[in-house]
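Everything below concerns the one structure shown next.
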Amino acid sequence: MPELPEVETVRRGLSSATLGATVSAVTVRDRRLRWAIARDFEASLIGNSINSIERRSKYLLFRLGEKTLLAHLGMTGSFVALPTQNLPAVKAHDHVDIVLDSGITLRYNDPRRFGSMHVFSGDDMAQPLLKHLGPEPLTAALTGEHLFEVTRRRSCAVKLALMDNSVVVGVGNIYANESLFRAGIHPSRAANRVSLARYETLASEIKAVLSEAIAAGGSTLRDFVNASGEPGYFQLDYFVYGRDGEACRRCEAPLKLTRHGGRATVYCRSCQR
DNA sequence: CTGTTCTCCTGTGGGC
DNA sequence: TGCCCACAGGAGAACA
């Protein structure tokens with residue numbers, strides 16, 4: 001399940017494998033991603049060179065001259081850079097191949113097809129999928145003050161606010177759980193009942209946990225580029241995520257499980273208030 | 001605006 | 001061993 005650190009790791013891996021190369025062919029085996037891949041998708045990519053690969057939220061933006069390929073990995077999507085001369089047999093869910101003139105083929109696999117791919121021209125901010133996004137967590141744009149300001153009229157659980165992409169991007173279920181634990185904030189607390197000081201702690205814990213995950217993900221970067229298949233993401237040692245019923249790493253009390261918007265929330269009743 | 005629920009999809013794992 | 005089914009989960013869409 002790619003969260004922001006995984007998407008960033010993918011971005012770095014693909015960048016070193018593809019920058020400067022030109023798209024020579026595109027094969028789409030299944031157009032049914034979250035939104036159907038457009039009919040002119042293949043033609044719009046062929047002949048363009050990859051100038052850079054950027055990331056916004058969990059979207060990858062491949063810059064190809066005037067055009068941008070906007071891709072989301074959804075829940076189960078993966079991009080792998082493979083040698084075109086020695087391409088592995090097509091497996092189930094290998095939906096898209098992007099063949100580059102450098103001898104590399106980018107292969108997109110996505111069993112659940114929650115991912116997406118679009119090609120667009122022009123300003124990013126004209127894109128409906130991008131224009132409502134909140135600040136990037138690993139930039140100066142995310143501050144405790146920002147979190148405080150945008151939650152003044154929100155009575156929903158602070159955890160739900162954190163996972164709202166208009167508040168801040170890139171904080172999925174795992175990192176919402178982890179950052180709230182690290183900040184000592186109860187996930188069910190109303191977003192507008194968290195103090196500025198505590199939002200400042202929360203903002204710095206979000207940055208810390210995401211940075212640590214990227215540092216850990218970076219260790220698998222070489223495997224990814226060599227790409228005989230499995231990305232093999234590093235699993236961080238979580239404080240709470242997936243540990244309900246187990247002992248809190250700080251106070252030993254058993255961790256509790258609850259739900260917010262259908263998503264599992266794990267927290268410590270004594271460490272989080 | 002805010003909040004809530006629905007939806008997409010398939011692999012996995014628990015229960016029997 | 002095999003079958004059934006809940007569950008996982010990002011995030012847009014639709015609706016109250």
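Chain identifiers are assigned alphabetically (A, B, ...) following the order of the sequence lines, protein sequences preceding nucleic acid strands; residue numbering begins at 1 within each chain. Because the structure is predicted, anything quoted here is derived from the model rather than measured.
- Taking 4.5 Å as the limit, some side-chain heavy atom of A/Phe62 sits within range of a side-chain heavy atom of A/Phe79.
- Looking at heavy-atom distances under 4.0 Å, A/Leu160 makes no contact with the nucleic acid at all.
- Side-chain N/O atoms of A/His72 include one lying less than 4.0 angstrom from OP1 or OP2 on C/dA11.
- Taking the side chain of A/Arg113 as heavy atoms from C-beta on, and the options B/dC9, C/dA8, C/dG10, the nearest nucleotide is B/dC9.
- In terms of position on DNA chain B, the residue among A/Arg263 and A/Val150 whose nearest nucleotide sits closer to the 5' end is A/Val150.
- With rounding to whole Å, A/Arg112 atom CZ is found 9 Å from C/dG9 atom P.
- Using a 4.5 Å heavy-atom cutoff, the side chains of A/Asn109 and A/His95 are not in contact.
- One interatomic measurement links the two molecules: CG of A/Asp244 to C1' of C/dA8, which rounds to 13 Å at whole-angstrom precision.
- Across the interface with DNA chain C, nearest-nucleotide mapping of A/Arg34 and A/Asn173 shows A/Asn173 to be the residue nearer the 5′ end.
- Residues A/Tyr267 and A/Asp244 are not in side-chain contact: their nearest non-hydrogen atoms beyond the backbone lie 4.5 Å or more apart.
- Using a 4.0 Å heavy-atom criterion, one finds that A/Arg259 contacts the sugar-phosphate atoms exclusively.
- For C/dA8, the paired base is B/dT10 (Watson-Crick or G-U wobble, both distances below 3.5 Å).
- The shortest distance between the side-chain N/O atoms of A/Tyr59 and the OP1/OP2 oxygens of C/dG12 is below 4.0 Å.
- A/Thr76 has no side-chain polar atom (N or O) that falls below the 4.0 Å cut-off from OP1 or OP2 of C/dG9.
- Under 3.5 Å, the side chains of A/Arg63 and A/Thr68 contain a donor-acceptor pair of N or O atoms.
- With hydrogens and angles ignored, no donor-acceptor pair closer than 3.5 Å exists between the side chain of A/Arg153 and the base of B/dG3.
- In this entry the distance linking CE of A/Met163 with P of C/dG9 reads 8 Å, nearest Å.
- A stacking contact links A/Phe114 to C/dG10: the aromatic ring centre lies within less than 5.5 Å of the base's six-membered ring centre, and the planes differ by less than 30°.
- For the pair A/Trp35 CH2 and B/dC9 P, the interatomic distance rounds to 13 Å; values are reported in whole Å.
- Nucleotide B/dT5 holds its C1' atom 15 Å from the CG atom of A/Asp164, rounded to whole Å.
- Between A/Tyr175 and C/dG10, a side-chain N or O to OP1/OP2 separation shorter than 4.0 Å is absent.
- Straight-line distance from the NZ atom of A/Lys91 to the C1' atom of B/dT10: 16 Å, rounded to whole Å.
- Between the CG atom of A/Asp30 and the C1' atom of B/dC8 there is a distance of 13 Å, rounded to whole Å.
- Between the NE2 atom of A/His132 and the P atom of C/dG12 there is a distance of 9 Å, rounded to whole Å.
- Geometrically, A/Arg243 does not engage A/Tyr238 in a cation-pi contact defined by less than 6.0 Å to the ring centre and at most 45° from the axis.
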